[in-house]
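The structure appears below as structure tokens.
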2 protein chains.
Amino acid sequence: MCERVVNPPAADVADRLHSAAIRLLRRLRRQDEASGLSGPQASALSVLVFGGPMNLGALAAAEQVRPPTMSRLVREMEAFGLVQRRPDPRDRRGVILEPTEKGRAMFDRARERRLSALSGAIASLPVEDQALMDRAAALMMALARGPALD
Amino acid sequence: MCERVVNPPAADVADRLHSAAIRLLRRLRRQDEASGLSGPQASALSVLVFGGPMNLGALAAAEQVRPPTMSRLVREMEAFGLVQRRPDPRDRRGVILEPTEKGRAMFDRARERRLSALSGAIASLPVEDQALMDRAAALMMALARGPALD
DNA sequence: CACATATAGTTAGCTTAGCTAACTAATTTC
DNA sequence: GAAATTAGTTAGCTAAGCTAACTATATGTG
């Protein structure tokens, strides 16, 4: 009879999403740090693990961070032996970054540890809510990445 | 025929959600700061605007932050005349916080400004995706708040 | 009642993560 | 081959989180 969807105003959705993201990340920080990888480090490392070797600029772009920020993150991860720099044979200004074996192991461990937190919590949601969260994550990624936020 | 839902492993959902939240907030930071309120300030102010006057400990708990962190956020917002401290008549150790008129106005302005960013982007999504984001925000909030992440 | 303990908030000081500006070195372009 | 561009780093700033230690008030108990 009534085909209208009760559609919360976009500004409300935006506010709630914003606050929810802030609080969720605050909450996850402890778990992250206990695993030996900060959130930003884990996120960058996952790009390297899944995306394969790439140079610093590409990684910074993928993570939507400025080069100096990524440079520091990489320096720290390198100091812990988690990533390796190789000179780029095709451009001697550049470097190629890739995870070390230790880096991959650490990433898996952090992932496991997050499993006892976020993914444990997610796993306890009804299946359809899990699917919803997955889709929401994809949408958030697209929003963060797209031109709509300029 | 096949009733099985293709259910991404919870760890994958967790990873994607984690990275998506990090990137979305990074992306929003500029807009936030251009509006004169940082993300954490806007979030705390919204709690005061919608939740009414409360003391510092309650606000810190609502924002899932330690008291010293909230104390600093409040001090900064107070310096800009956005929130007011009143002594708590029932406990002279405590303070009661409430937004000033300027604070409410600033909150609305930040909200508007975010409208030109996040909520503009959200408004351009299909209606069902908007509803999905709203539900996802509620779930994230519940996860951040609940005991599941201990 | 007095003293011990607990609680609300602040201060001090540390860390991490973001940024811009300025620099070096290599590459590309004209 | 000189000029302009690009990749990455260094230096230095700010914001936001934390713990530890402190002050002042409340509360509870012998």
Side-chain angles (χ1 to χ4, degrees), chain A residues 18-19 21-45 53-80 83 85-97 144, chain B residues 18-19 21-45 53-80 83 85-97 144:
Chain A
H18 182 235
S19 285
I22 287 175
R23 292 179 205 181
L24 187 61
L25 287 183
R26 286 206 271 236
R27 186 66 183 273
L28 288 177
R29 184 166 325 179
R30 297 180 192 211
Q31 246 71 26
D32 278 335
E33 285 170 359
S35 78
L37 278 176
S38 72
Q41 285 173 354
S43 187
L45 193 50
M54 66 186 70
N55 61 30
L56 190 140
L59 183 55
E63 282 296 277
Q64 297 181 344
V65 138
R66 302 288 175 179
T69 299
M70 189 50 69
S71 187
R72 182 172 28 74
L73 285 174
V74 166
R75 186 182 352 113
E76 292 162 0
M77 290 192 284
E78 201 186 10
F80 287 119
V83 305
R85 292 172 131 92
R86 277 191 289 123
D88 183 342
R90 323 206 333 162
D91 184 342
R92 288 188 318 200
R93 294 168 300 184
V95 293
I96 299 196
L97 304 169
Chain B
H18 182 234
S19 285
I22 287 176
R23 291 179 205 182
L24 187 61
L25 287 182
R26 286 206 270 237
R27 187 66 183 275
L28 288 177
R29 183 166 324 181
R30 296 180 192 209
Q31 247 74 25
D32 278 334
E33 285 171 357
S35 77
L37 277 176
S38 72
Q41 285 173 353
S43 187
L45 192 50
M54 67 187 70
N55 61 29
L56 191 141
L59 183 55
E63 283 296 274
Q64 296 181 345
V65 138
R66 302 286 173 180
T69 299
M70 189 51 69
S71 186
R72 182 172 29 73
L73 285 174
V74 166
R75 182 175 5 107
E76 292 162 0
M77 290 192 285
E78 201 186 10
F80 287 120
V83 304
R85 291 172 131 92
R86 277 191 289 122
D88 183 341
R90 324 209 328 164
D91 183 342
R92 288 189 317 201
R93 294 168 302 182
V95 293
I96 298 197
L97 304 170

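All values derive from a computational prediction rather than experimental measurement. Both backbone and side-chain heavy atoms feed into the values below; hydrogens, waters and symmetry mates do not.
- With distances taken from any side-chain atom of A:Ser38 to the nucleotides C:dT16, D:dT9, C:dT10, the minimum falls on C:dT16.
- One interatomic measurement links the two molecules: CZ of B:Arg75 to P of D:dA15, which rounds to 12 Å at whole-angstrom precision.
- Note: B:Arg27 CZ to B:Leu25 CG = 12.5 Å, rounded to the nearest 0.5 Å.
- B:Arg93 has its CZ atom 6 Å from the P atom of C:dA8, to the nearest Å.
- Per the geometry, CZ belonging to B:Arg29 stands 12 Å off C1' belonging to D:dG17, to the nearest Å.
- The interatomic distance linking A:Leu25 (CG) with C:dA17 (C1') rounds to 13 Å, in whole Å.
- Side-chain nitrogen and oxygen atoms of A:Arg26 include none within less than 4.0 Å of the OP1 or OP2 phosphate oxygen of D:dA16.
- Computed from coordinates, the B:Met70 CE to D:dT19 P distance equals 15 Å when rounded to whole Å.
- Remark: A:Asn55, A:Leu56, A:Gly57, A:Pro67, A:Pro68 in residues 55-69 of chain A come within less than 4.0 Å of DNA chain D through at least one heavy atom.
- Regarding A:Leu73, its CG atom lies at a distance of 9 Å from the C1' atom of C:dG18, rounded to whole Å.
- A:Arg72 places its CZ atom 15 Å from the P atom of D:dC13, with the value rounded to the nearest Å.
- Protein atom CG of B:Leu28 is 14 Å distant from nucleotide atom C1' of C:dG18, rounded to whole Å.
- Residue A:Asp91 is classed as a sugar-phosphate contact, given heavy-atom separations below 4.0 Å to backbone atoms only.
- Formation of a donor-acceptor pair under 3.5 Å by the B:Gln64 side chain with backbone atoms of B:Ala144 is found in this model.
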